[in-house]
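Read through the structure below, which is laid out as structure tokens, and then see the notes.
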Amino acid sequence: MADLITVEDPDDPRLRDYTGLTDVELRRKREPAEGLFIAEGEKVIRRAKDAGYEMRSMLLSAKWVDVMRDVIDELPAPVYAVSPELAERVTGYHVHRGALASMQRKPLPTADELLQTTRRVVVMESVNDHTNIGAIFRSAAALGMDAVLLSPDCADPLYRRSVKVSMGAVFSVPYARLDSWPKGLESVREAGFTLLALTPDEKAKSLDEAAPHRMDRGRLPYGSRSVSSPASRRTTTPGRTPPARSTPRPPHLVSPRCSAR
């Protein structure tokens with residue numbers, strides 16, 4: 001059973017994991033370096049725990065203690081009970097969900113390890129907005145994707161905003177970072193994937209034509225600019241009318257993997 005500790009000093013060093021949560025630049029550097037991330041809200045905390053992430057501590061307002069009692073009783077991590085006012089002073093914002101947990105990160109698999117066991121993989125390039133990262137993970141989970149690959153400059157999927165928007169999908173969909181971009185895609189091609197660059201170009205083939213549904217392995221990347229290369233097929237979504245604009249939008253990607261079996 002976790003210890004329930006009432007804290008009244010916002011400068012208490014035991015609350016360090018929760019300080020400055022609105023400072024994006026600080027948190028995006030500090031959290032990976034210290035091996036932690038913040039889960040916000042009852043549902044997200046429970047999903048992180050169920051996914052096997054170790055809890056370092058919880059920060060709860062008084063009315064959330066009973067709601068989280070079963071979690072408190074199961075885990076050895078300390079639980080800090082604070083007033084809403086103190087929580088706001090520590091974190092830098094009004095914690096309206098009333099529950100935060102500091103979780104320990106897991107080691108990430110390599111891209112090669114994920115590609116060995118997946119059929120449908122999402123790939124993101126230069127998606128550096130945490131809200132978009134969370135939304136794409138949530139969509140990937142809903143579409144039954146097996147994994148996600150990130151270019152080196154993508155935002156952190158375990159940043160608080162990403163986790164919150166994904167509704168915990170970042171815990172259920174395995175992911176890895178490619179070591180380089182676009183060179184890292186060579187290993188994807190070598191694993192048997194064909195890259196399809198989504199574009200509004202009216203000359204592109206439809207997605208159904210370029211990646212027929214009979215393909216039993218596939219990969220769905222987002223946000224690419226540099227992968228629309230001679231080694232890629234250009235495709236567009238069925239029924240889409242190309243926008244009347246002189247500057248094309250950065251293409252998204254879809255990369256299906258064909259199996260001869």
Side-chain angles (χ1 to χ4, degrees), residues 1-108 128-135 137-138 150 154-172 175 177:
M1 178 184 297
D3 295 327
L4 184 61
I5 304 167
T6 299
V7 178
E8 298 179 348
D9 181 3
D11 296 322
D12 192 310
R14 292 173 295 184
L15 304 184
R16 183 177 181 275
D17 283 1
Y18 306 97
T19 57
L21 292 186
T22 57
D23 189 333
V24 177
E25 289 303 316
L26 171 66
R27 299 299 304 199
R28 67 187 299 183
K29 295 177 181 177
R30 176 184 164 194
E31 291 184 10
E34 297 183 10
L36 66 91
F37 69 91
I38 300 297
E40 179 180 6
E42 176 196 359
K43 290 183 175 61
V44 172
I45 291 173
R46 292 183 183 277
R47 289 175 183 175
K49 179 182 74 70
D50 292 343
Y53 286 93
E54 179 184 352
M55 187 176 295
R56 296 160 58 107
S57 67
M58 273 199 294
L59 182 71
L60 304 175
S61 59
K63 70 177 183 178
W64 283 90
V65 172
D66 288 341
V67 175
M68 302 298 293
R69 175 57 65 182
D70 60 317
V71 177
I72 295 172
D73 291 344
E74 290 179 8
L75 300 172
V79 178
Y80 303 116
V82 300
S83 67
E85 293 77 17
L86 188 139
E88 183 170 355
R89 290 180 63 186
V90 171
T91 64
Y93 74 103
H94 176 62
V95 187
H96 66 279
R97 296 179 185 271
L100 297 170
S102 175
M103 313 295 294
Q104 191 71 37
R105 292 176 182 245
K106 299 177 183 180
L108 286 181
N128 49 34
D129 180 89
H130 294 104
T131 298
N132 290 341
I133 288 281
F137 264 90
R138 189 172 63 192
L150 307 170
C154 277
D156 180 12
L158 292 182
Y159 182 75
R160 178 174 58 90
R161 180 66 178 169
S162 301
V163 172
K164 181 178 177 181
V165 172
S166 80
M167 295 297 292
V170 294
F171 308 139
S172 60
Y175 69 93
R177 286 191 183 272

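All residue numbers in this chain count up from 1 along the given sequence. Atoms considered below: every heavy atom in the structure, side chains included; atoms not considered: hydrogens, waters and symmetry mates.
Residue pairs satisfying the salt bridge (Lys or Arg N to Asp or Glu O under 4.0 Å) criterion with at least one member in residues 51-60, sequence neighbours excluded, are listed as follows: Asp17-Arg56. Applying the ring-ring contact (aromatic ring centres under 6.0 Å, His included) rule to pairs touching residues 26-61 yields Phe37-Tyr53, Phe37-Phe171, Tyr53-Phe171, sequence neighbours excluded. Identified under the salt bridge (Lys or Arg N to Asp or Glu O under 4.0 Å) test for residues 78-91, with sequence neighbours left out: none.
Electrostatic pairing of Glu34 and Arg16 counts as a salt bridge here, judged by a charged N lying under 4.0 Å from a carboxylate O.
Scored by the side-chain contact (heavy atoms from CB on, under 4.5 Å) test, Met167 finds Arg47, Arg138 as partners (sequence neighbours excluded). Under the rule for a side-chain contact (heavy atoms from CB on, under 4.5 Å), the partners of Asn132 that lie at least two apart in sequence or sit in another chain are Val127, Asp129. Every residue two or more places apart in sequence or in another chain was checked for a ring-ring contact (aromatic ring centres under 6.0 Å, His included) with Tyr80, and none qualifies.
A pairwise comparison of heavy atoms in Ile133 and Cys154 identifies CD1-CB, 4.4 Å as the closest pair. Considering every non-hydrogen atom in both Val67 and Arg46, the closest pair reads O-NH2, 3.1 Å. Nearest approach of Gly134 to Val165, heavy atoms of both residues: C-CG1, 3.8 Å. Considering every non-hydrogen atom in both Leu158 and Glu31, the closest pair reads O-OE1, 4.2 Å. Smallest separation of non-hydrogen atoms from Leu100 and Val95: CG-CG1, 4.0 Å. What you find for Pro157 and Val170 is that their closest heavy atoms are O-CG1, 3.5 Å.
With contacts defined as side-chain heavy-atom distances shorter than 4.5 Å, the pair Val163/Glu40 does not qualify. Within the 4.5 Å cutoff, the side chain of Met58 has heavy atoms near those of the Val71 side chain. A 4.5 Å side-chain heavy-atom check between Ile5 and Val7 finds at least one atom pair inside the cut-off. Using a 4.5 Å heavy-atom cutoff, the side chains of Leu59 and Val82 are in contact.
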- prompt: For Leu21 and Arg161, what are the C-alpha separation, side-chain angles and deciding distance, and is it a side-chain contact (heavy atoms from CB on, under 4.5 Å)?
  reply: CA-CA 10 Å; Leu21 292 186; Arg161 180 66 178 169; over 6 Å; no
message: Walk me through whether Asp156 and Arg27 qualify under side-chain contact (heavy atoms from CB on, under 4.5 Å).
response: CA-CA 10 Å; Asp156 180 12; Arg27 299 299 304 199; over 6 Å; no
query: Please walk me through it: do Met68 and Leu60 pass side-chain contact (heavy atoms from CB on, under 4.5 Å)?
result: CA-CA 9 Å; Met68 302 298 293; Leu60 304 175; 4.1 Å; yes
- request: Would you please test Leu86 and Leu15 for side-chain contact (heavy atoms from CB on, under 4.5 Å) and show each step?
  value: CA-CA 11 Å; Leu86 188 139; Leu15 304 184; 4.0 Å; yes
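Note that CG of Leu150 is 5.0 Å distant from CZ of Arg177, once rounded to the nearest 0.5 Å. With rounding to the nearest 0.5 Å, the separation of CG in Asp23 from CZ in Arg28 is 11.0 Å. Considering CE of Met55 and OG of Ser57, their distance stands at 8.5 Å, rounded to 0.5 Å.
Surrounding NZ of Lys106 are more than 12 heavy atoms belonging to other residues, nucleotides or ligands, all under 6.0 Å away.
For the pair Tyr18 (side chain) and Ser102 (backbone), a donor-acceptor distance under 3.5 Å is present. Put simply, the side chain of Ser162 gets close to the backbone of His130: a donor and an acceptor are under 3.5 Å apart.
Remark: the Thr19 side chain and the Arg30 side chain contain an N/O donor-acceptor pair separated by less than 3.5 Å.
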